[in-house]
Engineer: 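Take a look at this one; I'll ask things after.
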Amino acid sequence: MLPTVTITARGEDRIRSGHPWIYRSDVANVVAAGGETVRVLGPRERPLGYALYSDRSEIALRLISTGDEAPDLNTWRNRIQAAADYRTALGIYPDEATAYRLIHGEADRLPGLVVDRYGDYLVLQALSQAVDRLMPEIANILADVVNPRGILARNDPRVRVLEGLEQKVEVVYGDVPPSIEVHEGNVSYAVDPYRGQKTGLFLDQRENRIAAARYARGRALDAFSYNGGFALAIAPRCSQVLAVDISEDAVAKIAANAQRNGVTNIEARAMNVFDELRELERRGERFDLIVLDPPAFARNRAAVRKALSGYKEINLRALKLLPPGGYLVTCSCSYNVSEASFADVIASAAVDAHAEVVVVEKRMQGRDHPVLMTVPETYYLKCFILRKL
Ligand code: SAH
């Protein structure tokens, strides 16, 4: 007999609306331990399917099936295979890029599991108790399906603490070197899978970097540059690129990446973007293309208001630095800030900057990070390409 969790009528409604998460407040009764796969019952004992149970997270249940049959390791294998097949069908590897997201959690029906591919290696994150518990089996399946040389569990994100899980980084299969060489288009990177941000690169921006390059010319500014992703993608079409990041470490990475790609027109500065944008404005400098790719300003709902004023500030300053005909590539990766509120903020920044602005492209995270239609939280990265009239 499988462990069982009974949920409330409100929880049942949520499942019916297609959302796979049941919050703790909608759980009525638990006969299960954290990390177990459980049967989910409605208020009148009606079977609703199967879910992964967490005894710590506010997200108590992550639904994995609404069917009659209990999921087993074959379910995991089939879904991992399907996720890998989809990425193969996208045709990213190896010409377009050798690094991409292989498994994107809920959107691949593998809640709490993230896997990125860096060439011959995989870097995974187990973000729920159940996935953590199944780690050895999941690593075996991945080794089978993808045949990598090594798999690193990059289990140091903060969300693991909310699940009561230890933060640790360990090799779970084969060997993983301290530096992996990958490429995105013509740009090559040395990725540090053990210590780089996220799993090493911001893979979700790959297609937006390609898009940004289409508008690149003259002098460009890449604000919140990290290791220079946008700067490197646009540099071949620009006369000069200024890349700004607050972290000295990131700035060293930008310089090293420019050098390894033989790019000589990128200048990297360790500065706070908020200060630097004001300073550039004070000096009357102009940029034909500006990229704004800040970290998530709103990490929870309470932070949304402050986040919106941060987004407004940088967009307003950036619009002032553009000459007529200049382009702004502006992003938000806060899942708590909807596309509509982000668009509102940009519009009000444009009004305050006395800029008339048209939307040239509306973009999002790359196709290897698909959005689950019924889970708005999975549409986290918004990207507008704007042109100043
Ligand atoms: N554009 C990058 C990803 C950027 S991630 C890419 O395509 O890969 C966000 C970056 O913003 C981080 O590197 C972080 O160090 C930097 N950052 C955060 N706050 C900042 C600030 N106030 N000023 C400048 N950089 C900041």
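Heavy atoms only: backbone and side chains are in, while hydrogens, waters and symmetry mates are out. Numbering of ligands and ligand atoms starts at 1, following listing order.
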Engineer: Number the atoms of ligand 1 from 1 as they appear, then name those within less than 4.0 Å of a heavy atom of Met271, with their elements.
Structural biologist: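 Close to Met271: 23 (N), 24 (C).
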Engineer: Would you say ligand 1 has an N or O under 3.5 Å from any N or O of Phe230?
Structural biologist: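 No, there is no polar N/O contact under 3.5 Å.
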Engineer: Where is the nearest protein heavy atom to atom 5 (S) of ligand 1: which residue, which atom, and how far?
Structural biologist: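 Protein heavy atom with the smallest distance to atom 5 (S) of ligand 1: Phe202 CZ, 3.4 Å.
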Engineer: Check whether the side chains of Ser341 and Asp344 place a donor and an acceptor atom closer than 3.5 Å, and report yes or no.
Structural biologist: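 Looking only at side-chain atoms, Asp344 and Ser341 do not form any donor-acceptor pair under 3.5 Å.
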Engineer: Please identify which atoms of ligand 1 are closer than 4.0 Å to at least one heavy atom of Asp293.
Structural biologist: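 Counting from 1, the qualifying ligand atoms are 1 (N), 2 (C), 3 (C), 4 (C), 6 (C), 7 (O), 9 (C).
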Engineer: Ignoring hydrogens and geometry beyond distance, is a side-chain donor-acceptor pair present between Asp85 and Gln81 at under 3.5 Å?
Structural biologist: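 The answer is yes; a qualifying pair exists.
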Engineer: Could you identify the single nearest non-hydrogen protein atom to atom 10 (C) of ligand 1 and state the distance to 0.1 Å?
Structural biologist: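 Checked against all protein heavy atoms, atom 10 (C) of ligand 1 sits closest to Asp245 OD2, 3.4 Å.
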Engineer: Without hydrogens or angle criteria, can the side chains of Gln125 and Arg154 be said to hold a donor-acceptor pair below 3.5 Å?
Structural biologist: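 No donor-acceptor contact under 3.5 Å links the two side chains.
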Engineer: If only side-chain N and O atoms count, and only distance matters, is there a donor-acceptor pair under 3.5 Å linking Gln129 with Asp55?
Structural biologist: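 Yes, side-chain donor-acceptor contact under 3.5 Å.
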Engineer: Considering only the protein, which heavy-atom contact is closest to atom 25 (N) of ligand 1, and what is its distance?
Structural biologist: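 Going atom by atom, the protein heavy atom closest to atom 25 (N) of ligand 1 ends up being Ile246 N, 3.0 Å.
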Engineer: Is there a heavy atom of Pro295 sitting under 4.0 angstrom from any atom of ligand 1?
Structural biologist: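 Right, Pro295 reaches ligand 1.
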Engineer: When only distance counts, is Val273 in polar contact with ligand 1, meaning an N/O pair under 3.5 Å?
Structural biologist: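 Looking only at distances, the answer is yes, because the N/O contact criterion of under 3.5 Å is met.
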Engineer: Who gets closest to atom 20 (C) of ligand 1 by heavy atom: Phe274, Phe224, Phe297?
Structural biologist: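 That would be Phe224.
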Engineer: Any N or O of Gln197 that comes nearer than 3.5 Å to an N or O of ligand 1?
Structural biologist: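 Between Gln197 and ligand 1 (N or O atoms, distance only) the closest approach is under 3.5 Å.
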Engineer: Whether Lys382 engages the ring of Phe384 as a cation-pi pair (distance to the six-membered ring centre under 6.0 angstrom, angle to the ring normal within 45°) should be assessed.
Structural biologist: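 No, Lys382 and Phe384 do not form such a contact.
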Engineer: Indicate, as side chain, backbone, both or neither, the part of Glu276 found under 4.0 angstrom from ligand 1 when only non-hydrogen atoms are considered.
Structural biologist: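 Within the 4.0 Å criterion, Glu276 makes no contact with ligand 1.
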Engineer: Does the cation-pi check pass for Arg387 over Tyr215, that is, NZ or CZ under 6.0 Å from the six-membered ring centre and within 45° of its axis?
Structural biologist: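 No; the conditions do not both hold, so Arg387 does not lie above the ring face of Tyr215.
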Engineer: Is the contact between Ala223 and ligand 1 made by the side chain, the backbone, both, or neither, using heavy atoms and a 4.0 Å cut-off?
Structural biologist: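 None of Ala223 does.
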Engineer: Do Glu339 and Tyr379 have side-chain atoms, one donor and one acceptor, less than 3.5 Å apart?
Structural biologist: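 Yes, a side-chain donor-acceptor pair sits under 3.5 Å.
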Engineer: I'd like to check Arg206 versus Ile92 (side-chain heavy atoms, cut-off strictly below 4.5 Å). Are they in contact?
Structural biologist: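 With C-beta onward as the side chain, the pair touches.
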Engineer: Under a 3.5 Å threshold, yes or no: a donor from one side chain and an acceptor from the other, between Gln205 and Asn208?
Structural biologist: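 Looking only at side-chain atoms, Asn208 and Gln205 do form a donor-acceptor pair, the distance falling under 3.5 Å.
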Engineer: Judged by non-hydrogen atoms, does Asn272 sit under 4.0 Å from ligand 1?
Structural biologist: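 Asn272 counts as a contact of ligand 1 under the 4.0 Å cut-off.
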Engineer: Could you list the atoms of ligand 1 found under 4.0 angstrom from a heavy atom of Ser225?
Structural biologist: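 Taking each heavy atom of Ser225 in turn, ligand 1 has 1 (N), 2 (C) under 4.0 Å.
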Engineer: Examine the side chains of Arg149 and Tyr121 and answer whether a donor and an acceptor come within less than 3.5 Å of each other.
Structural biologist: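 Tyr121 and Arg149 do have a side-chain donor-acceptor pair below 3.5 Å.
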Engineer: Please work out which of Lys253, Glu248, Arg209, Gln205 has its closest non-hydrogen atom nearest to atom 8 (O) of ligand 1.
Structural biologist: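 It is Arg209 that holds the nearest heavy atom.
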